[in-house]
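For reference, the structure discussed in these notes is given below.
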Amino acid sequence: MDTSPTPAPDTAHATPSRPGDPSTGNAPGSGDGGSASGASTTARTTGGARRATARRPSASGRAAAAGTRAEDHETTGPDDLTDTTDTTGPATAGRRRRTVLLLLGLTAVTSATALVLGLLSWAPDPPEPARPLTVSESDRLAAVRVTNLRDLRAGVRVTAGTDAARVELVGWVDWSRSLLYLDVGGPGAGAERGLLQKSGPVLVIRPDPAAVPTPAAPPLMPPADRWRLHRLTPGAHLAPVLDLLLDLAADRPDPTRTAPSSEARWIARDTAPAGPLDVIQAPLATGAPAASTAPGTPRAATPTPDGQTRYWLDQDARLHKLVTRLPGTGPVTVVFNREDRPTLRPVDALGGRPGLPRVLTDAEQRRLDRLPARLRAQGGATLTLTAPVGTDTNLRGAGWVSWTARTAYLAVADLGVPDRRTLLRRDAAGLARADLPAVAAGGGTAETPARPPLPPPAGAWRVTRPGGDDLGVLVDAAVTAGSVGHRGAAVRIRDDVTAGRTVDVIEAGPAGARLRYWIDRGDGSLRRLELRTDVGAWAHLDLQPAVVPRLAANPRPANPRPAAPRSSAPRPGTR
């Protein structure tokens, strides 16, 4: 029999006993009363140990659990997996994604089917029927031309005619000064292809036969050369288009637009970058007819109302588009750019840029008074002539003027007769002219003729007294500028620049022959003389100080032919 002492139980690792567990021998009601106190103490100790064990596993417990998991991992094969979390999670997520994609596909198919069925069965809303104008619409239509005059100017793009006769215009209209500045193109442009300016009755062109058929906006600063006075062919379909553009301005509303019997009707609505537009059908305005292209030129008839004219108007009575038909032209479409409103500069043949006439300052009056003495001290200058003196006569010339000898000598070419020259000599006795072939008169081109030959060739010189036609008046004014002062009240028109020199443009002379003197601010010399010709254009002589050769006096005829007095009626210039 083992008499060794029994070791005390390990309460930290003992398995707690459960009531009724036969393995512990502590069934309810069993055991002696002497051990009851010990059992209670043991239960409390075991319960405390169990709670401690539940709160913090021992190091040996953690090691045992890790060993168990490792052993399970080593003994479990891929076919023995029983963890429902690892096997059912991804499958459920996949099934959910497939279900969502299926539902989205069904929705897309249903939407597409509904859209196709809707498109097949859709019909646009019927347009609003044409109707008479309301009071507001009538007032706006009546104020269109007044609004144009108030806005001063606008960009335009015009298409006139059809097929081979079509003309396209791009540029600007200035209603405040009755000025057009356009680039002319299209298959029907003809002789007018190139740049065009029109001021009132005067029309000048700068032809460019080699220009591309499609026009573009002309340069804001127009070229200074090659402009010529032009007359449109009677019946040409460009004339009524130009008249129409200028006729779209007036200083008062058109009363016929608001009459109860007006034929105007509202047609439709449209939109533009400026906002909503009303399309109104009405006859063309019946204002005063515009001036003809040139005096004596038959003006195209005022466009006849034909019920086809339509106006695109915004809420401020601004015209954005016009579609009509003109006699002899056909369909015409005009599109306005109300935001494109640059200040336009007329070319020199139309008088140059406008100014603000005012009285002369003391310094300007002194320069004008001292001009004759200054020119005599200067001696002379070279001359360059540009003179549109008739719709069929555009003159160019080059030569000299001597203020000490009071003589001038120049060769003059007519653009219409490029192979001929007119030699002109002026002295105190009068003017002498001789017509020669271009080669014998110095050569050059009609646009830029050379100076006349020296000495003057012998020939049949025609002698007349000074002051006959526009050319004679201008040359006479150049010669006498060095001997006599101005006549009549003088006003300053504007300042300007020529040949790199700043000048004051001063207008002086009698009412019937006003001249403009371009006087250099620096040295007080005369840089240009301008004369308004009988046809309303401006002719000018440019002067450049230079040493002038000795000019022989004119031949003296026995009985000089008197010059005819200058009249206000238009007549062609001398060739």
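Here the structure is a predicted model, which means the values were calculated and not measured. Sequential numbering from 1 along the given sequence is applied to the chain's residues.
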For the [atom1] atom of [X] and the [atom2] atom of [Y], what is their distance to the nearest 0.5 Å?
X	Y	atom1	atom2	result
Leu526	Arg367	CG	CZ	13.0 Å
Leu375	Ser402	CG	OG	11.0 Å
Ile519	Leu368	CD1	CG	4.5 Å
Leu244	Thr324	CG	OG1	7.0 Å
Leu474	Leu515	CG	CG	7.5 Å

Crowding at [atom1], [X] (>12 non-hydrogen neighbours, <6.0 Å):
X	atom1	value
Arg150	CZ	yes
Arg376	CZ	yes
Arg358	CZ	yes
Arg345	CZ	yes

Given the rule in the side chain to side chain contact (heavy atoms under 4.5 Å, CB included) test, do Ile493 and Ile506 qualify, once you have shown the distances and angles that lead to the verdict?
CA-CA 6 Å; Ile493 302 299; Ile506 297 175; over 6 Å; no

Is there a donor-acceptor pair under 3.5 Å between the side chain of [X] and the backbone N or O of [Y]?
X	Y	answer
Asn394	Leu229	yes
Arg527	Val503	no
Ser199	Val202	no
Arg206	Asp225	yes
Trp175	Leu245	yes
Asp183	Ala216	yes
Tyr181	Leu220	no
Thr480	Ser483	no
Lys198	Gly200	yes
Gln197	Val347	yes

Under 3.5 Å, is there a donor-acceptor pair between the [X] and [Y] side chains?
X	Y	value
Asp270	Trp312	yes
His540	Asp348	no
Arg325	Thr309	no
Asp470	Thr533	no
Asn148	Arg338	yes
Trp518	Asp496	no

Steps toward salt bridge (Lys or Arg N to Asp or Glu O under 4.0 Å) verdict (Arg406, Asp427):
CA-CA 6 Å; Arg406 299 181 61 187; Asp427 63 7; over 6 Å; no

Less than 4.5 Å apart, any side-chain heavy atom of [X] and any of [Y]?
X	Y	value
Leu242	Leu232	yes
Pro223	Leu195	yes
Asp314	Leu319	no
Pro346	Pro354	yes
Val332	Val323	no
Trp172	Asp340	yes
Val173	Leu246	yes
Val167	Val184	yes

In terms of side-chain geometry, is the basic nitrogen of [X] or [Y] positioned less than 4.0 Å from the acidic oxygen of its partner?
X	Y	answer
Arg231	Asp392	yes
Arg353	Asp495	yes
Asp254	Arg145	no

If you apply the rule salt bridge (Lys or Arg N to Asp or Glu O under 4.0 Å), what do you find for Arg140 with Asp278, and how did you get there?
CA-CA 10 Å; Arg140 280 190 283 140; Asp278 289 309; 2.8 Å; yes

Which of these, Pro452, Pro449, Pro437, sits in a side-chain contact (heavy atoms from CB on, under 4.5 Å) with Arg421?
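With Arg421 as partner, Pro452, Pro449, Pro437 yield a single side-chain contact (heavy atoms from CB on, under 4.5 Å), made by Pro449.
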
Output, in order, the C-alpha distance, side-chain angles, deciding distance and verdict of side chain to side chain contact (heavy atoms under 4.5 Å, CB included) for Thr498 and Asp520.
CA-CA 9 Å; Thr498 179; Asp520 195 317; over 6 Å; no

Salt bridge (Lys or Arg N to Asp or Glu O under 4.0 Å) for Arg341 and Asp151? Distances and angles first, verdict last.
CA-CA 9 Å; Arg341 303 169 58 246; Asp151 287 353; 5.5 Å; no

Yes or no on salt bridge (Lys or Arg N to Asp or Glu O under 4.0 Å) for Arg366 and Glu364, after CA distance, side-chain angles and deciding distance?
CA-CA 5 Å; Arg366 285 194 297 270; Glu364 293 163 351; over 6 Å; no

Chi angles and distances behind the side chain to side chain contact (heavy atoms under 4.5 Å, CB included) call for Arg425, Leu551:
CA-CA 9 Å; Arg425 300 164 64 186; Leu551 304 178; over 6 Å; no

From CA spacing to verdict: side chain to side chain donor-acceptor pair (under 3.5 Å), Thr333, Arg157:
CA-CA 8 Å; Thr333 300; Arg157 180 176 290 272; over 6 Å; no

Carefully, step by step, assess Phe336 and Val334 under the rule side chain to side chain contact (heavy atoms under 4.5 Å, CB included).
CA-CA 7 Å; Phe336 295 93; Val334 185; 3.5 Å; yes

